[in-house]
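A short worksheet on the structure shown next.
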Amino acid sequence: MDTTTTSSLKSAEKKDTDATPRAHSPEIDVEVIKSDCSTPEKQNGAVGNEQQMNNSTSTRRTDSNKNLSPPPQRLRTSSSTSDGTENLISSLSSWDWVTIDGLKLPAVTRNKERYVAVHMVQLKLLSKFPSDIPRDITRKFTMGSHKMTVTEAWTFNTINAVIRKFDLGCQLFTANDELVKLNDVQMFYWNVKLFNLKRVNGQYETAISSAENNVQLLATAMQLKKQVDSDIQAVCAELKRLEKSYCE
């Protein structure tokens, strides 16, 4: 073969080879793959984190359940007034509340007549008055006393301890204690109060006459006397009401 022809063929093959495009494969970053590959330690760490999250969620649910649990029920103590105690009181003796000058007292019933304890009357009603009650009042408005029965005594004891918390006297009522009729107590009490209000009113009049040079003291005494005058009118009206009801 001619040397020139051979060179031409080689030159043509070289051009064909250069003209054919090469297939470029993408380069692979080995370091990135290594860093992204999960090692056993990282896999274990991921599992551990997932378990911690599950445990945390479970703990929060448990705490929520604890908060939603109903509160413990309060136990009823024997010191509180219960229906059983009220039934006990009502079964001991027939009684009800009476009011004298705004004060409530327990009263037992005998033959449709109400009676109150002498000790309670003295402690809660008469103790605020001076002891020098005029004889004409004590003679006119007498209070006949009667001995308590054992049942009546324990009725007063139960009311005093459970309902009034010994406000009616820290004592134990017995069959030696006495009762008085409610009507007698009311007439005696209101007449004793009327007497003492009139006495106080006279003392205010004396203070007013001696306080002419003290304007402030004079105004105070006159205001108090006006209040006492109003109280006297109220007591007189109550006495008229009681007398009318007793006559009926």
Side-chain angles (χ1 to χ4, degrees), residues 76-197 231-248:
R76 296 181 64 183
T77 59
S78 59
S79 60
S80 60
T81 304
S82 61
D83 294 338
T85 305
E86 293 291 348
N87 293 334
L88 172 63
I89 297 174
S90 62
S91 66
L92 290 174
S93 183
S94 177
W95 72 280
D96 60 351
W97 293 107
V98 296
T99 303
I100 302 176
D101 200 9
L103 178 69
K104 290 178 63 175
L105 293 176
V108 295
T109 303
R110 287 184 179 181
N111 299 324
K112 299 182 179 181
E113 189 80 33
R114 289 182 291 185
Y115 291 78
V116 293
V118 171
H119 174 76
M120 295 181 183
V121 172
Q122 293 174 341
L123 177 66
K124 307 300 289 187
L125 292 174
L126 301 180
S127 60
K128 60 186 175 184
F129 299 128
S131 58
D132 56 339
I133 300 174
R135 292 181 61 84
D136 58 339
I137 293 180
T138 56
R139 284 197 301 263
K140 184 177 180 179
F141 304 101
T142 58
M143 294 187 295
S145 61
H146 309 269
K147 292 290 186 180
M148 292 183 185
T149 65
V150 174
T151 303
E152 290 170 341
W154 280 102
T155 300
F156 284 116
N157 285 329
T158 308
I159 296 170
N160 188 30
V162 176
I163 300 177
R164 296 296 292 266
K165 305 301 181 183
F166 295 101
D167 179 56
L168 301 174
C170 291
Q171 74 166 58
L172 181 68
F173 291 95
T174 67
N176 292 325
D177 286 283
E178 297 178 335
L179 299 171
V180 286
K181 287 184 178 181
L182 174 63
N183 295 347
D184 294 343
V185 172
Q186 289 177 316
M187 292 301 297
F188 184 83
Y189 170 80
W190 288 111
N191 277 280
V192 171
K193 183 172 183 176
L194 179 61
F195 168 78
N196 282 279
L197 287 176
D231 291 342
I232 289 174
Q233 293 177 3
V235 171
C236 291
E238 180 64 15
L239 284 171
K240 288 181 180 180
R241 185 190 69 80
L242 291 174
E243 290 173 355
K244 182 179 180 181
S245 63
Y246 293 159
C247 292
E248 293 176 355

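- Scanning all heavy atoms of the two residues, the minimum distance from Val116 to Pro106 falls at CG1-O, 3.7 Å.
- Heavy atoms only, all atoms of each residue included: Phe129 and Leu125 are closest at CE1-O, 3.8 Å.
- Between Lys147 and Glu152, the shortest heavy-atom distance links the atoms O-OE1, 4.3 Å.
- Phe141 has its side chain out of reach of Asp136: every pair of non-hydrogen atoms, C-beta onward, lies at least 4.5 Å apart.
- Note: Phe173 and His119 have perpendicular aromatic rings, judged against thresholds of 30 and 60 degrees for the angle between ring planes.
- Residues Asp177 and Gln171 have side chains in contact (heavy-atom distance under 4.5 Å, counting atoms from C-beta outward).
- Among residues at least two apart or in separate chains, salt bridge (charged side-chain N to carboxylate O under 4.0 Å, His left out) pairs with a member in residues 114-125 are Asp96-Arg114, Lys124-Asp167.
- Contact of the Phe188 side chain with the Asp184 side chain is not registered, since no non-hydrogen atoms from C-beta on lie closer than 4.5 Å.
- In this structure, the separation between CG on Leu179 and CE on Met148 is 4.5 Å, given to the nearest 0.5 Å.
- Rounded to the nearest 0.5 Å, atoms CE (Met187) and CD1 (Ile137) are 11.0 Å apart.
- Contact between Ala153 and Ala175 at its shortest, heavy atoms only, is CB-N, 4.2 Å.
- Contact between Lys193 and Asp101 at its shortest, heavy atoms only, is NZ-OD2, 2.7 Å.
- Here Trp154 contributes atom CH2 and Leu172 contributes atom CG; the two are 5.0 Å apart, rounded to the nearest 0.5 Å.
- In this structure, Cys170 SG and Asn160 CG are separated by 7.5 Å, a value rounded to the nearest 0.5 Å.
- The structure places CG of Leu103 at 8.0 Å from CG of Leu168, a figure rounded to the nearest 0.5 Å.
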Item to check | Verdict with reasoning, Lys128 to Asn196, per side-chain contact (heavy atoms from CB on, under 4.5 Å) | outcome: CA-CA 10 Å; Lys128 60 186 175 184; Asn196 282 279; over 6 Å; no
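- In terms of heavy atoms, Gly144 sits closest to Val180 at O-CG1, 3.6 Å.
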Item to check | Residues Glu113, Arg110; criterion salt bridge (Lys or Arg N to Asp or Glu O under 4.0 Å); working and verdict | outcome: CA-CA 5 Å; Glu113 189 80 33; Arg110 287 184 179 181; over 6 Å; no
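- Here Gln122 pairs with Val118 under the side chain to side chain contact (heavy atoms under 4.5 Å, CB included) rule; sequence neighbours left out.
- A salt bridge does not link Lys240 with Glu243: every distance from a Lys NZ or Arg NE/NH1/NH2 to an Asp or Glu carboxylate oxygen is 4.0 Å or more.
- Annotation: the span from Ile163 atom CD1 to Lys104 atom NZ amounts to 9.0 Å, rounded to 0.5 Å.
- For Gln186, the side chain to side chain contact (heavy atoms under 4.5 Å, CB included) criterion is met by Ile100, Leu182, Asn183, Trp190, Leu242, Tyr246, not counting sequence neighbours.
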